[in-house]
Student: 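The structure's right below; bear with me while I get my questions together.
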Amino acid sequence: MAATDNCLTANDWICGEYLRTRSQELLDATLQHIGITAVSVLLGLLIAFPLALIARHRRGAAGPILGLTTVLYTVPSLAMFALLTPVFGVSPAVVITGLVLYALTILVRNVLAGLQAVPAEVREAARGMGYGPARLLFEVELPLALPAVVAGLRIATVSTVAMTTIGSVVGYGGLGNLIASGMEGYFKAEVLTASVLCVLLALVADVLLMGLQRLLTPWTRTGKKRTRAGAARRAVRTVRAGAE
């Protein structure tokens, strides 16, 4: 029998036979991992955006909002899932809710930082040209805040990919389920393969989001010597041209 066929019996770390015989199991775990991560990050962003707006417009609310999200991040994941299980039962909602709460710490701060960094002269020019609050936010402020927002999204996504594995305690951890079962049975190939796939998912997600950031914020690309001030000046010109 070939050496590659004996790797399961020998319990090798690298085993092609494991990949061949467990491919469907690996695929299912990977898809579950991607699904939980994507839903958690998107929900986190949807919640973080209005929280950041409230923190920016109401100075008294900024401290409590940032403080609360920071406190939530310090809660151990096992304790978080234990607290959420009586509410949601043993379901993916437990894992997703916990991951959303953890992601808020990063996302709220980055969205708020991006909005606060928009130059005052840009806002003044837009208001002078008749831009209302909603149009000012979505057509002027958000485009300039995108570098900070996407940077936070990248960090939150990579962090969520890693933390999704903790969901294995309730049976919904994606690749974490394989890591947990592999460690329990000291199945080396299962532990290593699932761990490597988890790292690859994080790297792929980060590269995709980095590409999205470069696409949406061309003024930040290296070699074009464009600064934030230059982007602000172009925004002012865009606002004025739109008003004309």
Side-chain angles (χ1 to χ4, degrees), residues 18-19 22-52 68-111 149-185 187 189-213:
Y18 169 76
L19 295 176
R22 304 289 185 89
S23 59
Q24 187 60 49
E25 183 180 41
L26 288 168
L27 178 61
D28 292 341
T30 301
L31 291 177
Q32 184 185 79
H33 204 109
I34 293 173
I36 291 174
T37 299
V39 172
S40 300
V41 174
L42 288 176
L43 286 177
L45 185 60
L46 290 175
I47 297 172
F49 186 67
L51 288 177
L68 177 60
T69 56
T70 300
V71 169
L72 289 173
Y73 196 80
T74 64
V75 178
S77 55
L78 292 178
M80 178 72 80
F81 293 156
L83 292 172
L84 293 173
T85 298
V87 179
F88 297 100
V90 180
S91 67
V94 172
V95 182
I96 291 172
T97 303
L99 294 176
V100 167
L101 294 177
Y102 287 132
L104 288 179
T105 304
I106 301 168
L107 294 173
V108 171
R109 290 180 181 275
N110 277 68
V111 173
V149 174
V150 178
L153 194 59
R154 289 173 60 189
I155 297 172
T157 300
V158 171
S159 174
T160 302
V161 169
M163 295 186 69
T164 296
T165 58
I166 305 298
S168 61
V169 297
V170 292
Y172 294 97
L175 293 167
N177 294 340
L178 300 183
I179 295 174
S181 64
M183 292 182 65
E184 184 178 355
F187 190 175
E190 187 171 52
V191 173
L192 180 62
T193 303
S195 299
V196 169
L197 285 174
C198 191
V199 172
L200 289 177
L201 281 182
L203 291 175
V204 170
D206 189 54
V207 169
L208 290 176
L209 287 172
M210 182 170 59
L212 178 64
Q213 179 179 350

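Sequence positions, counted from 1, serve as the residue numbers for this chain. The structure displayed is predicted, hence computed values, not measured ones.
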Student: Has Thr97 got a side-chain atom pairing as donor or acceptor with Val94's backbone, closer than 3.5 angstrom?
Tutor: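 Checked: no pair found.
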
Student: Does any N or O in the side chain of Asp206 come within less than 3.5 Å of the main-chain N or O of Ala202, such that one atom is a donor and the other an acceptor?
Tutor: no

Student: I want to check something: taking the side chain as every heavy atom from C-beta on, are Val149 and Asn110 in contact at a cut-off of under 4.5 Å?
Tutor: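 Heavy-atom side-chain distance check fails, nothing below 4.5 Å.
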
Student: Taking atom CG of Leu107 and atom OG1 of Thr157, what is their separation to the nearest 0.5 Å?
Tutor: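 Spacing of CG (Leu107) from OG1 (Thr157) equals 7.5 Å.
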
Student: Would you call Met163 and Met80 a side-chain contact if the rule is heavy atoms closer than 4.5 Å?
Tutor: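 Answer no - side chains too far apart.
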
Student: Mark yes or no for whether Tyr102, through its side chain, and Val75, through its backbone, hold a donor-acceptor pair below 3.5 Å.
Tutor: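 Looks like yes, one N/O pair under 3.5 Å.
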
Student: Which distance, rounded to the nearest 0.5 Å, do you find between the CG of Leu153 and the CG of Leu212?
Tutor: 8.0 Å

Student: Using side-chain heavy atoms (C-beta onward) and a distance below 4.5 Å, is Leu78 in contact with Val169?
Tutor: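 Yes, side chains in contact.
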
Student: Are the side chain of His33 and the backbone N or O of Val161 linked by a donor-acceptor pair below 3.5 Å?
Tutor: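 Yes; at least one donor-acceptor contact below 3.5 Å.
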
Student: Can you tell me how far apart CD1 (Ile96) and CG (Leu42) are? Round to the nearest 0.5 Å.
Tutor: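 Interatomic distance, Ile96 CD1 to Leu42 CG, rounded to 0.5 Å: 10.5 Å.
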
Student: Hey, does the side chain of Thr74 reach the backbone of Val71 with a donor-acceptor pair shorter than 3.5 angstrom?
Tutor: yes

Student: Under 4.5 Å between any side-chain heavy atoms of Leu27 and Gln24, yes or no?
Tutor: yes

Student: Can you confirm whether Tyr73 is buried at OH, in the sense that more than 12 heavy atoms of other residues, nucleotides or ligands lie under 6.0 Å from that atom?
Tutor: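 Result for OH/Tyr73: open.
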
Student: Heavy-atom distance under 4.5 Å between the side chains of Ile179 and Ser168, does that happen here?
Tutor: no

Student: Which heavy-atom pair separates Leu99 from Ile36 by the least distance, and what is that distance?
Tutor: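 Scanning both residues, the minimum pair turns out to be CD1-CG2, 3.7 Å.
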
Student: I'd like to know if the side chain of Thr69 pairs up with that of Arg109 as donor and acceptor (distance under 3.5 Å, no hydrogens or angles considered).
Tutor: no

Student: Can you measure from CZ (Arg154) to OG (Ser159) and round to the nearest 0.5 angstrom?
Tutor: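 Result: 14.0 Å between the selected atoms.
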
Student: Does the side chain of Gln32 pick up a donor-acceptor pair with the side chain of Asp28 at under 3.5 Å?
Tutor: no

